[in-house]
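What follows is a short report on a single structure.
Note on naming: letters A, B, ... go to the chains in the order of the sequence lines (proteins, then strands), and numbering restarts at 1 for each one. What you see is a predicted model, and the numbers here were worked out from it, not measured in a lab.
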Amino acid sequence: MEYNYKEIESRIRQYWKDKDIYRVDIDTERPKYYVLDMFPYPSGAGLHVGHPLGYIASDIFSRYKRLQGFNVLHPMGFDAYGLPAEQYAIQTGQHPEITTRENIARYISQLENIGFCYDWSRSIRTCDPGFYKWTQWAFLKMFGSYYDRKADRAMPVEKLTEHFAAHGTEGVDAACTKELSFTAAEWSAMTPKEQSDVLMNYRIAYLGNSMVNWCPKLGTVLANDEVSEGLSVRGGYPVEQKEMWQWCLRVSAYAERLLQGLDRIDWSDSIKETQRNWIGRSEGAEMRFAIDGRDDLALEIFTTRADTVFGVTFMVLAPESKYVDEVTTPEQRAAVDAYLDSIKHRTERERMIDRRVTGVFSGSYAINPLSGKKVPVWISDYVLAGYGTGAIMAVPAHDSRDYAFARHFDLPIIPLIEGADVSEQSMDAKEGIMINSEGPSLNLNGLTVKEAIAAAKKHIEEAGIGRVKVNYRLRDAIFSRQRYWGEPIPVCYVDGIPTACENLPLELPEIDKYLPTETGEPPLGRAKNWCTPEGWPLELNTMPGFAGSSAYYLRYMDPHNADALVSKEANGYWRSVDLYVGGSEHATGHLIYSRFWNKFLYDYGEVVEDEPFRKLINQGMIQGRSNFVYRIKDTNTYVSAGLKDQYDTTPIHVDINIVRDDVLDTDAFRAWRPEFADAEFILEDGKYVCGTAVEKMSKSMFNVVNPDDMIDRYGADTLRLYEMFLGPIEQSKPWDTHGIDGVFRFVKKLWSLYWKGDTLLVTDTEPTRDNLKSLHKLIKKVTADIEAFSFNTSIAAFMICVNELAQQKCTSRAVLEPLLVVLAPFAPHVAEELWHTLGNDGSVCDARWPEANDDYLKEDSVTMAVSFNGKARFNITLAADADAATAEATALADPAAARWLEGKTVRKVIVVPGRIVNIVVG
RNA sequence: GCGCAUGUGGCGUAAUGGUAGCCGCGUCAGACUUAGGAUCUGAUGUCUCAGGACGUGGGGGUUCGAGUCCCUUCAUGCGCACCA
């Protein structure tokens with residue numbers, strides 16, 4: 001039998017399908033294990049070789065766990081809502097559902113070709129009403145909840161309304177947009193609309209008027225993680241700050257729990273650190289600075305450097321601060337208005353690129369609560385409205401931003417730390433001994449910075465000037481998108497009051513065009529009869545991309561349940577994801593939102609685990625390797641890469657399929673596109689050598705390698721092995737097809753252990769000790785490697801083992817059969833095929849993972865020469881069970897060593913079995 | 001600026017503190033071939049007076065012993081960034 005991978009792989013896949021071998025159900029007799037891949041957005045371009053990297057790794061792990069006797073849940077689905085399908089719909093009029101369905105079909109066929117062990121019966125699509133019903137359900141639950149800080153969990157808003165009716169805001173400690181204060185009587189006197197507005201201030205899913213990232217080109221708002229450096233992540237269009245009414249999720253209420261939870265999960269340090277940064281906890285103090293001559297007004301500021309209060313020489317307000325209007329004096333009114341106007345016209349991006357120091361004096365003075373000194377109040381856009389209170393105390397000596405501002409406007413700078421030279425720059429470091437810090441009620445002089453921070457905070461609280469406060473950088477997530485292709489937000493407006501639509505799913509209506517309406521309403525404004533049966537208008541915004549991906553892992557546990565997102569039974573069994581594999585680019589998006597969503601559901605006992613993903617592996621990105629030709633300017637002549645510097649050239653991407661080993665097939669190039677038909681070439685050594693670059697794999701760079709092509713040329717098993725062989729799974733690396741031949745050779749070599757021509761070589765002969773040693777070395781190594789997620793080293797071990805067995809001419813079934821079991825997770829098709837060849841009835845997927853027997857790995861007795869300290873050489877003989885206590889140097893090999901050892905005693909011999917010996921002498 | 005990660009042959013990489021470079025690619029030599037982008041065998045870090053010497057970005061340190069641990073420095077990649 002030849003190794004005919006095409007025939008074998010298609011037959012084996014059919015076998016698995018016929019036997020429905022990957023179907024999983026709850027089985028309380030067996031321990032569960034849940035392995036999940038981040039589900040893909042099915043783009044029109046299909047999968048390239050980079051996508052399966054993580055899927056192959058998780059597939060190996062799933063199969064391994066299954067062979068170990070675990071009941072493994074390993075599903076796959078599709079993140080089907082998204083911008084590309086909608087953009088395509090706008091351009092072509094094609095319904096996004098059609099595009100999406102076609103793309104999903106292509107993805108499924110590509111995935112099936114690789115031989116993954118997914119249970120497709122559990123597959124989900126976020127755009128199915130049966131799925132998004134539960135996305136909407138969770139949203140309504142958030143709409144009906146507030147975050148009680150005392151209980152430290154989400155609670156039904158009814159609790160809050162009861163409390164308001166009985167006690168007003170007295171005793172309420174709830175996460176909110178702004179602190180409110182009213183009595184029970186005042187609450188009862190409010191109109192329903194007013195009460196609704198008050199509750200919006202507390203709801204976890206709320207309608208808020210806030211500064212949002214507005215992308216005019218995309219015609220929608222974006223969440224913070226969808227914006228990078230003032231540009232939209234998708235499309236790269238400019239993003240402006242705009243005040244809009246939007247649905248938001250009060251993610252910030254969970255900031256502390258999201259932070260604390262990181263300590264209990266097995267994720268990489270770098271991704272945990274990224275999340276910690278994103279959450280941005282900082283401990284400090286909030287304190288009040290009274291405005292001179294105004295009994296009714298004090299500026300509330302936040303600082304982490306309470307120790308520097310004596311160095312405050314001015315105050316700064318964000319331009320959007322609510323204080324701005326109040327502190328602006330009539331004399332300064334014109335200047336302030338002019339400044340605010342000039343700021344408004346700058347986009348976020350312009351502000352970021354051009355960090356000029358700008359600002360204006362408000363006319364008012366604030367009084368330093370500790371020193372009693374009067375300091376001017378300024379307005380500047382270097383202070384952010386959205387963080388802390390939107391107002392700061394400026395300490396130019398010890399903050400570089402304040403320093404720049406002080407220098408620019410010639411404001412005083414008072415150093416507070418001994419030896420600090422502030423003539424050129426501020427001293428931001430939190431170290432040194434305090435000076436110039438004595439006031440009527442507090443003296444910090446002589447303390448270290450750390451002591452001073454603590455002392456100042458304590459004093460501020462005791463003196464009633466302010467309080468210790470923790471601030472978070474994490475903002476609430478904007479949850480509205482002015483888009484068609486997303487989950488409808490199940491809210492209607494009853495007399496203008498936002499009200500939950502309890503009848504779910506609220507299905508996405510058909511519309512004639514996918515553009516916003518002429519009046520600027522979102523696309524859903526085009527839907528006919530978009531209202532409740534009672535005639536109340538429905539919300540026109542849809543949910544953002546992260547909505548559908550926030551709880552999908554729960555749905556796989558119980559995908560067809562019509563009565564609940566997941567049944568108690570299914571959730572109680574599968575609990576949470578044991579291993580999650582996906583890209584690190586989701587660190588501040590999906591991976592935060594999912595954790596938040598899960599914790600919210602946990603608060604209500606809807607799920608049993610507080611964290612959704614116990615272990616996370618971030619696979620690296622596979623980049624593309626692009627090829628270039630160099631066109632000489634204004635000609636149709638192309639010069640080889642080595643000679644290009646002699647000409648004025650433009651590099652042009654060339655399809656990697658007409659390049660082999662960086663040498664261009666010039667005929668294929670002429671045939672590639674009409675404009676190259678009569679191309680001329682300047683060659684070197686008779687060849688046209690292309691330039692190369694490592695870039696993102698993309699259609700437009702002609703560097704996409706399709707897994708289907710690889711499977712066609714080498715088979716799925718070789719592709720799987722090669723992708724794992726490339727290097728550590730977490731590492732990003734360019735795809736390089738060179739080297740796949742080596743892996744292909746290995747598979748063929750493996751095959752030839754079993755078959756020589758049409759002769760089956762496997763016999764029932766007793767295995768030799770060497771045979772068993774080779775096998776058990778492999779089992780031990782591969783078991784340890786899989787546990788450590790180190791697949792590249794396992795494959796090296798396979799190569800060594802197969803080479804050894806070939807050299808030993810091993811034909812023993814007792815060795816060649818377990819070899820297949822160990823190989824099955826990596827190369828399942830060929831393992832299954834040979835498993836059947838050996839006469840096994842069932843599938844290799846249901847075999848038992850063999851255990852490594854250390855007895856086969858021990859050396860008999862070893863004599864080795866050892867050099868020590870560069871001085872001595874010994875011959876040491878070790879018995880098979882030698883250890884440090886019993887081994888002894890038995891003979892001295894040379895006279896020099898003998899002299900060195902003379903008069904000394906061998907104290908200790910340290911042995912690493914079969915390897916190194918260290919001799920400690922006294 | 002802050003944080004995280006990574007620096008090893010021509011290349012991808014490997015080494016519980018214990019012979020640095022396993023495995024693969026590439027290269028060289030040989031075998032078998034009408035032929036090879038097939039297969040098989042062997043060699044392949046650098047220098048070398050052939051005994052060795054030097055080698056894991058640089059500099060220190062701990063250790064009998066350091067690619068590995070500690071300090072420091074440089075370089076690259078990623079994340080956050082006017083967050084007070």
Distances under 3.5 Å between nitrogen or oxygen atoms of protein and nucleotides 8-12 of chain B:
unit_1 : atom_1 : unit_2 : atom_2 : d
B:G12  : O2'    : A:L726 : O      : 2.6

Atom pairs under 3.5 Å: protein N/O with N/O of nucleotides 35-41 of chain B:
unit_1 : atom_1 : unit_2 : atom_2 : d
B:G37  : N1     : A:R660 : NH1    : 2.9
B:G37  : N1     : A:R660 : NH2    : 3.4
B:G37  : N2     : A:R660 : NH1    : 3.0
B:G37  : N2     : A:R660 : NH2    : 2.3
B:G37  : N3     : A:R660 : NH2    : 3.2

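Salt bridge A:D307/A:K430: absent, no basic N to carboxylate O contact under 4.0 Å.
Only the C1' atoms considered, B:A66 is 11 Å distant from B:G61, to the nearest whole Å. For the C1' atoms, the distance from B:C28 to B:U62 is 44 Å, rounded to whole Å. If you take atom P in B:C25 and the same atom in B:U19, they sit 26 Å apart, rounded to whole Å. Nucleotides B:C40 and B:G77 are separated by 42 Å at their C1' atoms, to the nearest Å. Between B:G45 and B:U13, the distance separating the two C1' atoms is 15 Å to the nearest Å. B:G21 sits 13 Å from B:U46 when the C1' atoms are compared, rounded to a whole Å. Taking atom C1' on both B:A75 and B:A81, the two are 22 Å apart, rounded to the nearest angstrom. Spacing between B:A84 and B:U8 at atom C1', rounded to whole Å, works out to 44 Å.
For the pair A:L259 and A:R276, the minimum side-chain heavy-atom distance is below 4.5 Å. Residues A:E2 and A:W755 form no side-chain contact, since every pair of their non-hydrogen atoms from C-beta on lies 4.5 Å or further apart. Contact of the A:V316 side chain with the A:M393 side chain is not registered, since no non-hydrogen atoms from C-beta on lie closer than 4.5 Å. Annotation: side chain of A:F289 is in contact with side chain of A:V312 (closest heavy-atom distance under 4.5 Å).
Pairing for B:A5 is with B:U76, a Watson-Crick or G-U wobble pair whose two hydrogen-bonding atom distances lie under 3.5 Å. The partner of B:U46 is B:A53, by the rule that a Watson-Crick or G-U pair needs both atom distances under 3.5 Å. When Watson-Crick and G-U wobble pairs are counted only if both distances are under 3.5 Å, B:U39 pairs with B:A31. Base pairing of B:G10 is made with B:C25, judged by Watson-Crick or G-U wobble geometry with both donor-acceptor distances under 3.5 Å. Pairing of B:G17, defined by two Watson-Crick or G-U wobble distances under 3.5 Å, is not identified with any nucleotide.
Taking the centre and axis of the six-membered ring of A:W267, the NZ or CZ atom of A:R595 falls inside the cone set by 45° and 6.0 Å.
A close approach under 4.0 Å does occur between a side-chain nitrogen or oxygen of A:R473 and OP1 or OP2 of B:A81.
Remark: C1' of B:C2 and CG of A:D399 are 14 Å apart, rounded to the nearest angstrom. What separates CG of A:L384 from C1' of B:A81 is a distance of 10 Å, to the nearest Å. Here the P atom of nucleotide B:C2 and the CG atom of A:D428 are 10 Å apart, to the nearest Å. Following rounding to the nearest Å, A:I379 (CD1) and B:A84 (P) show an atom-to-atom distance of 22 Å. Atom OH in A:Y714 sits roughly 12 Å away from atom C1' in B:C25 (whole-Å rounding). Rounded to whole Å, the distance from CG on A:D381 to P on B:A84 is 18 Å. Residue A:L750 contributes atom CG, which lies 16 Å from atom C1' of B:C23 at whole-angstrom precision. Atom P of nucleotide B:A84 and atom CG of A:D402 are separated by 12 Å, given to the nearest angstrom.
When distances are taken from the side chain of A:W278 to each of B:C23, B:A14, B:A81, the shortest belongs to B:A81. Here the nucleotide nearest the side chain of A:S270, chosen from B:C22, B:C25, B:C4, is B:C4. Closest to the A:T793 side chain, of the nucleotides B:A81, B:A15, B:G3, is B:A15. For A:N277, the side-chain atoms get nearest to B:G79 when compared with the rest of B:G79, B:C23, B:C4. Set against B:C4, B:C22, B:A84, the side chain of A:A796 has B:C22 as its closest nucleotide.
A salt bridge (charged side-chain N to carboxylate O under 4.0 Å, His left out) check over residues 782-806 of chain A, counting only residues at least two apart or in different chains, returns the pairs A:K777-A:E804, A:K781-A:D785. Among residues at least two apart or in separate chains, salt bridge (charged side-chain N to carboxylate O under 4.0 Å, His left out) pairs with a member in residues 719-728 of chain A are A:D59-A:R720.
Residue A:I392 is in base contact, counting any heavy-atom pair closer than 4.0 Å across all strands shown. When heavy atoms are screened at a 4.0 angstrom cut-off, A:S584 is found touching no nucleic acid atom at all. Among the atoms of the strands shown, base atoms are found under 4.0 Å from some heavy atom of A:R475.
Side-chain rings of A:F314 and A:F405 approach one another, their centers coming within less than 6.0 Å.
Between A:M315 and the options A:I379, A:V383, A:V375, a side chain to side chain contact (heavy atoms under 4.5 Å, CB included) holds for only A:V375. Of the residues A:F746, A:F791, A:W735, the one that meets the ring-ring contact (aromatic ring centres under 6.0 Å, His included) test with A:Y722 is A:W735.
Within 6.0 Å of atom CD in A:E585, more than 12 heavy atoms from other residues, nucleotides or ligands are found, so the atom counts as buried in its surroundings.
Checking A:I740 against A:I271, the closest nucleotide of RNA chain B that is more toward the 5' end is the one next to A:I271. Residue whose closest nucleotide on RNA chain B sits further toward the 5' end, between A:E273 and A:M799: A:E273.
Under the salt bridge (Lys or Arg N to Asp or Glu O under 4.0 Å) criterion, A:E256 pairs with A:R281, not counting sequence neighbours.
Base orientation of B:G51: anti, since the glycosidic angle falls outside 90° of 0.
In the region residues 778-792 of chain A, proximity to RNA chain B at under 4.0 angstrom, judged on heavy atoms, holds for A:N792.
Within the 3.5 Å criterion, the main-chain N or O of A:L761 finds no donor-acceptor partner in the side chain of A:T759.
Interatomic distance, A:Y403 OH to A:M427 CE, rounded to the nearest 0.5 Å: 13.5 Å.
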